[in-house]
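Since the structure comes first, as structure tokens, the remarks are kept for the end.
Just so we're on the same page: letters track the sequence lines, and every chain starts at 1.
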Amino acid sequence: MPWTKVFLSEEDLSQFPAQEGLRSLTFVQALREAQEQLLEQDPRVFLLGEGVDDPGGIFGSTLGLAEKFGSERVMDIPIAENGLTGVAVGAAVAGLRPIFVHMRMDFLPMCMDQIVNHAAKWYYMSGGAVPCPLVIRSIIGRGWGSAAQHSQALHALFLHIPGLKLALPSTPYDAKGLLMAAVADGNPVMFVEHRWIYGSVGYVPTEPYTVPFGQGVVRRPGRDVTVVALSQMVYEAMKAARELDAEGISVEVIDPRTVKPLDEDLVCTSVKKTGRLVIADVACKTGGVGGEIACRVVERDEVLLKAPLRRVNFADAPTPCSPVLEEAYYPSSATIKETIKELCRKS
Amino acid sequence: MPWTKVFLSEEDLSQFPAQEGLRSLTFVQALREAQEQLLEQDPRVFLLGEGVDDPGGIFGSTLGLAEKFGSERVMDIPIAENGLTGVAVGAAVAGLRPIFVHMRMDFLPMCMDQIVNHAAKWYYMSGGAVPCPLVIRSIIGRGWGSAAQHSQALHALFLHIPGLKLALPSTPYDAKGLLMAAVADGNPVMFVEHRWIYGSVGYVPTEPYTVPFGQGVVRRPGRDVTVVALSQMVYEAMKAARELDAEGISVEVIDPRTVKPLDEDLVCTSVKKTGRLVIADVACKTGGVGGEIACRVVERDEVLLKAPLRRVNFADAPTPCSPVLEEAYYPSSATIKETIKELCRKS
Amino acid sequence: MWPKPSGSFIGGGKIGPQSPSGALSPAVLKDLLSTMVLIRRFEEKIIEVYGRQDMKSPVHLCIGEEAVAAGVCAHLRREDYIFTNHRSHGHCLAKGMDPRFLYAEFYGRVTGCCRGKGGSMHPAAPELGILGTSAIVGGGLALAAGTALAAQRQGDGRVSVAFFGDGGADEGTFHEALNFASLKKLPVVFVCENNFYATNSPLSARQPHPDIYKRGAGYDIPALLLDGNDAVDIYPAAGEAVARARRGEGPTLLECRTYRWKGHVGPDCDTEKGCRPKEELLSWMEKCPLELLKTRLLQEGIIDPAWYDDLVRETDRELDAALKFAQESPFPDPAEVTKHVYFDQDT
Amino acid sequence: MWPKPSGSFIGGGKIGPQSPSGALSPAVLKDLLSTMVLIRRFEEKIIEVYGRQDMKSPVHLCIGEEAVAAGVCAHLRREDYIFTNHRSHGHCLAKGMDPRFLYAEFYGRVTGCCRGKGGSMHPAAPELGILGTSAIVGGGLALAAGTALAAQRQGDGRVSVAFFGDGGADEGTFHEALNFASLKKLPVVFVCENNFYATNSPLSARQPHPDIYKRGAGYDIPALLLDGNDAVDIYPAAGEAVARARRGEGPTLLECRTYRWKGHVGPDCDTEKGCRPKEELLSWMEKCPLELLKTRLLQEGIIDPAWYDDLVRETDRELDAALKFAQESPFPDPAEVTKHVYFDQDT
Ligand SMILES: Cc1ncc(C[n+]2csc(CCOP(=O)(O)OP(=O)(O)O)c2C)c(N)n1
Ligand SMILES: Cc1ncc(C[n+]2csc(CCOP(=O)(O)OP(=O)(O)O)c2C)c(N)n1
Ligand SMILES: [Mg+2]
Ligand SMILES: [Mg+2]
């Protein structure tokens, strides 16, 4: 299936046997198209966020939408994250379908109150009377020396809050399909996008479609090691896997696509086969989502792990500015590769 | 050592061979004494929080302190959690030692910005030039039908943020010693207290003392199962262990006391001995601190777990109000007991 | 404390002069009195039963403040939105909620307005525009701006009302919600019930002056200072505020000065506990909102004592039946604890 | 857009009338000009080198806004506190920071003021009262209230200044910080640099009117509207505000209307990108703060062209040396990436 394939480069894509009527888009184009179609097909949908209408168009993901749908449905807002999230929650419980866009996930701590204490609990507190269909897009991945307050990935915080769903698309296909699914879902959904893969290419159907939450994908089958990779780490894992093939190590790369709900069976089935698990996330290690994924594996009655667990993450530190320190801070395909080789040496 | 002993009841305490000069206090009295001595010995220390000076005295933990030290050093504040946390951060970086008191941890999402983006990162962003010695006390544990917005335990959120330390005392001795250590530590410390054990009793030295962060305690030695229990769960685990003794199951109860830093070796040494691990936390399961503790065990090169992991937590749902639903929501010693027996049957 | 609240009419903007009491029709005046009696008796019955300890929900009583809810909600249509707060009873009853579903909710029964999940702090009745309730201080202001935005978009002419306390005005969301509402000229009325305390914290410990309405000017929002104990002062002002909103002229801020007779939470009086000066309470009890209106209507010959006695008798009969309904209603199935965490299209 | 900013003198409270420009001593006027030239040239040199892509820190240039930093900081003592924001260069230089340590920081060198960890958005110089910098919009207001609280407690006579933008005034922390500062009469000056944009979002899309200073009245805080391009308008007003603070008379709010010449971030102009109308920029460039002051001093015979040329030459020499120092400084050891996460007593 071309939909589930990860393309590491343009050539990569061109080498793929082109099929009839298959169109390729970048990740950011797919996001933009999803929102355009959502705005077209459902009058309840609207976008709000700081700069959604500006010339940059949130790294291109909302480009031209304000011109096409007007400033009411693509609404620039005051820099008041908590209050405006409250506004979005209010609009959602009143029947609209807001998509709140944050240029950086670092700004979500500003609105934790409305996300954690309101959006997440609204349906439950009301005894199932009033759902809160709110989608919150937030973008992760540093620019140049963005440093500690402009480069955080905080999705683990939301994993812990009952009532929230959590999606981290890695391919253009999933970017569009998961975003359309998020808006259709009817629950508050945290939708986390990594800037560094905005330019990645892949096949994206022209018509609207959804990708179901809770269904992961085997991006690459393998025998020796399972790498559960999230978001941009899927690409790093694929690179590592490709290189390790040459060295005779067969790596299975799994992309859960949504962490909540999590496709537990897919992960466990793979680990049962390989006996080795590496979890590669785009955030700090301690207290991250890797812990939950690991638990789902070791909670199985059957012992699946035959080797120690490994997690590939950012350093457990705030993000530094200096390029030298950034280099040391972020993991890459090389990190994953080394981790896998070390594991295989061990057992 | 009487200091490390957990007393399940007054009788329990009286049965303990009284030693010279050993004084017993309740958990809440120990907290109050710690703050009183901190205020006495260090002019930089001050308390701030909604109602710190009111007749209830934050469930008794600040009772009389405003009268004794005045409203400047025991300061009631506007209901503006984020702003006032910013004020506390500002005061801390200017050399004061604020202790911010929240009657409920549910209000911390209001000030995540100042905790996550400011306090936690300040020392790092400034390249080690300016530390932020801020202690944030927050209280967990429901009252009567407190429901979704007044009964959350959110410590897992802070575990994921580099720069923050995290303490969850279970005994009066640790309540005083860890709080004094937190203020002396010089870093932002999240100090989480469970209301239900405010009345628990234990030996507490009269003079000031500190309990080192990162040193857990074996509350009860055992051979068959390791239960890592946090905060109020320590008491439930001790009850369960006591009962299981009769049934011939020997349970080791470990209280990490601080989750960050975590006494990884203590946990791993115990699991190496028992081969079975149950993690009992006072919060929801998914994305909770149990995941991190589990990872530290399965990341060891040596395979320690001989049975599936088990986590004992709240239901993965917001807190309900109805007593019937609360009953179903919260785990108890019975839950731990059942979990342990099920584990032992398995392997 | 500051000088006693005056009904004097100073605003941050223009708004038609307040009608003299005579201008209110007998029908309106009787309705106001009926609503206030309903609220008063509803809560007095809670006080009667609360000692039995089987109404396991914290109750925040509004006795002494009934005029605000009555005077404001009298102008609202069934489909208009209101957001109340932790002190919710009066607003819900004034908006037309059936006492049975409130009592049942407080008793944690499945027949309650939230199936027992929410309790007294989170009532919901979507069919009456009560889409749910936040007990987070200041939480409702932004939500009301959000429903107002939805109404503006949908052109359905609905008005939104946010009831909040002087404590709510401490929060940053006050600023963010008022700024946004004024910016977009949203059909919302912000009703501040200034009872001079947040729990036991006096307004003078939280704000530099008592004139919350003066904040309106900073947002170009017409603001009024009203005697919160005098329904005849509130009714016409609220009428004009609601009318402005419906005419699309934007938000209004109403500061209603009033006083709570009972403790912050629970059925008892708190002056014994030293929370507030007894004289202060007594002076406010002298201007009881019910007595004020009742006496006026008697004097003006609009009602006679018999009419009032009948009203109370009828109200009591209804409320006793409602209590009985609640007490005899079944509890939810414990399995419901994990129900309604996520909205499900298919159910 | 709104009418062009006027220097007119309308306040929310009393404050001594503004001195006429003549009242400023030649020495003061020359110092102001020198500071502004330093800031201008400091940033123009960044523009020169930025294209080489080796200064890997986002830079927010304040060219066109130099008068505010110069006029305010001229009144501050070395030990007084300032909190700047993401647009930090001018404030830091005006407070006396050594350009070497700023440039080195922007280049990510270990000789930088934050050892390369902070970059351009988080400068720190504790010895100058710059305890660190938050780039979270509105973050600094509460922090400044906090250092002011510390100063008030310690009676050290220090004044705190918070520089923030019109975007900062959108945030709830603006409300929370001003309310608390007024409540406690804290020695703090809130300086709003209203440049009519937050990134590319015009003030008119975020606030109902342009008069941010009018918000002061709601807090009983004297507030002034100033011509942010005219150092002679700012200097005396800032002097009085700082003096009020030092006299213990509480906070002042200064709204300084000015305009940024470059794009929100980076060295380029953004009018081509359609972010702002070109004419708007040009009209503001006509009232260049440097030209304004320079011409005045030349006309008044306080300086002659030679003096100015010397000033620029001297400034350039210093800055070129500083750039060289930075470019030749070593990068931090990669191992420092995990250093300074936690403050350690013992080191
Ligand atoms: C964000 C937040 N902080 C603190 C609380 C605890 N709390 C509940 S009610 C209350 C007082 C609210 O006072 P006010 O807004 O004046 O309403 P009142 O109780 O006087 O009617 C407080 C502090 C809360 N619910 N939410
Ligand atoms: C809480 C938060 N939201 C959004 C941002 C992204 N951001 C950085 S600067 C900025 C604009 C700030 O505008 P203003 O306060 O007017 O300062 P100016 O850039 O105009 O000097 C924004 C939105 C941020 N840093 N913090
Ligand atoms: Mg109040
Ligand atoms: Mg600006």
Side-chain angles (χ1 to χ4, degrees), chain A residues 48-58 66-67 71-72 74-86 103-104 106-111 113-114 142-152 284-286 314-331, chain D residues 53-59 86 105-110 112 114-122 133-139 165-174 198-203 205-207 264-266 270 273-275 330-342:
Chain A
L48 71 163
E50 295 156 14
V52 281
D53 64 347
D54 91 0
I58 313 286
E67 291 66 16
S71 62
E72 287 223 326
V74 181
M75 182 170 68
D76 189 23
I77 56 173
I79 306 172
E81 289 80 1
N82 198 43
L84 268 293
T85 304
M103 273 187 78
R104 290 200 164 78
D106 305 73
F107 311 144
L108 289 186
M110 307 287 295
C111 31
D113 165 53
Q114 283 292 342
R142 75 171 193 282
W144 242 12
S146 302
Q149 293 179 331
H150 287 77
S151 54
Q152 292 169 86
C284 293
K285 178 182 291 179
T286 300
F314 300 172
D316 267 323
T319 319
C321 173
S322 175
V324 172
L325 299 176
E326 277 186 336
E327 182 62 30
Y329 185 78
Y330 291 100
Chain D
Q53 311 242 333
D54 57 355
M55 185 183 272
K56 295 190 170 168
S57 170
V59 286
H86 57 285
E105 185 61 31
F106 305 171
Y107 274 111
R109 308 304 164 106
V110 72
C114 303
R115 303 183 63 85
K117 286 206 161 83
S120 155
M121 289 194 283
H122 309 298
T133 302
S134 170
I136 291 296
V137 169
D166 47 294
D170 290 356
E171 292 280 6
T173 47
F174 171 89
T199 60
N200 301 324
S201 175
L203 184 49
R206 295 177 289 107
Q207 294 179 29
H264 167 69
V265 62
D270 60 356
K273 305 199 197 86
C275 298
F331 282 104
D333 175 342
E336 281 211 16
V337 69
T338 49
K339 221 178 147 211
H340 304 132
V341 179
Y342 295 98

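One distance of note links CG of Asp54(A) with CG of Asn200(D); it measures 4.5 Å at 0.5 Å rounding. The distance from atom OG of Ser201(D) to atom CG of Asp53(A), rounded to the nearest 0.5 Å, is 7.0 Å.
Ser322(A) places a side-chain N or O within donor-acceptor distance of the main-chain N or O of Gly108(D), the cut-off being under 3.5 Å.
Residues Cys321(A) and Phe106(D) form no side-chain contact, since every pair of their non-hydrogen atoms from C-beta on lies 4.5 Å or further apart. The shortest distance between side-chain heavy atoms of Met110(A) and Glu171(D) falls below 4.5 Å. With a 4.5 Å cut-off on side-chain heavy atoms, Glu336(D) and Leu325(A) count as touching.
Glu81(A) touches chain D through backbone and side chain together, each having a heavy atom under 4.5 Å away. Only the side chain of His122(D) comes within contact range of chain A, with heavy atoms under 4.5 Å apart. Residue Ser134(D) touches chain A through both its backbone and its side chain, counting heavy-atom pairs closer than 4.5 Å. Neither the backbone nor the side chain of Ser71(A) comes within contact range of chain D, judged by heavy atoms closer than 4.5 Å. In this structure, chain A has no heavy atom under 4.5 Å from any part of Asp270(D). When heavy atoms are compared at a cutoff of 4.5 Å, Met75(A) does not approach chain D at all.
Ranked by heavy-atom pairs under 4.5 Å with chain A, the first of Met121(D), Gln53(D), Lys56(D) is Lys56(D). Contacts with chain A were tallied for Gly118(D), Ala198(D), Gly168(D), Gly172(D); Gly118(D) has the most, counting heavy-atom pairs under 4.5 Å. Your options are Ser120(D), Pro58(D), Gly274(D), Gly119(D), and the one with the most heavy-atom pairs under 4.5 Å with chain A is Pro58(D). When Val341(D), Ile136(D), Thr173(D), Val137(D) are compared by the number of non-hydrogen pairs under 4.5 Å with chain A, Ile136(D) comes out ahead.
Across all non-hydrogen atoms, the minimal contact from Ala317(A) to Val337(D) is CB-O, 3.6 Å.
Scored by the salt bridge (charged side-chain N to carboxylate O under 4.0 Å, His left out) test, Asp316(A) finds no partners at all (sequence neighbours excluded). In this structure Tyr107(D) satisfies the ring-ring contact (aromatic ring centres under 6.0 Å, His included) test with no other residue, sequence neighbours excluded.
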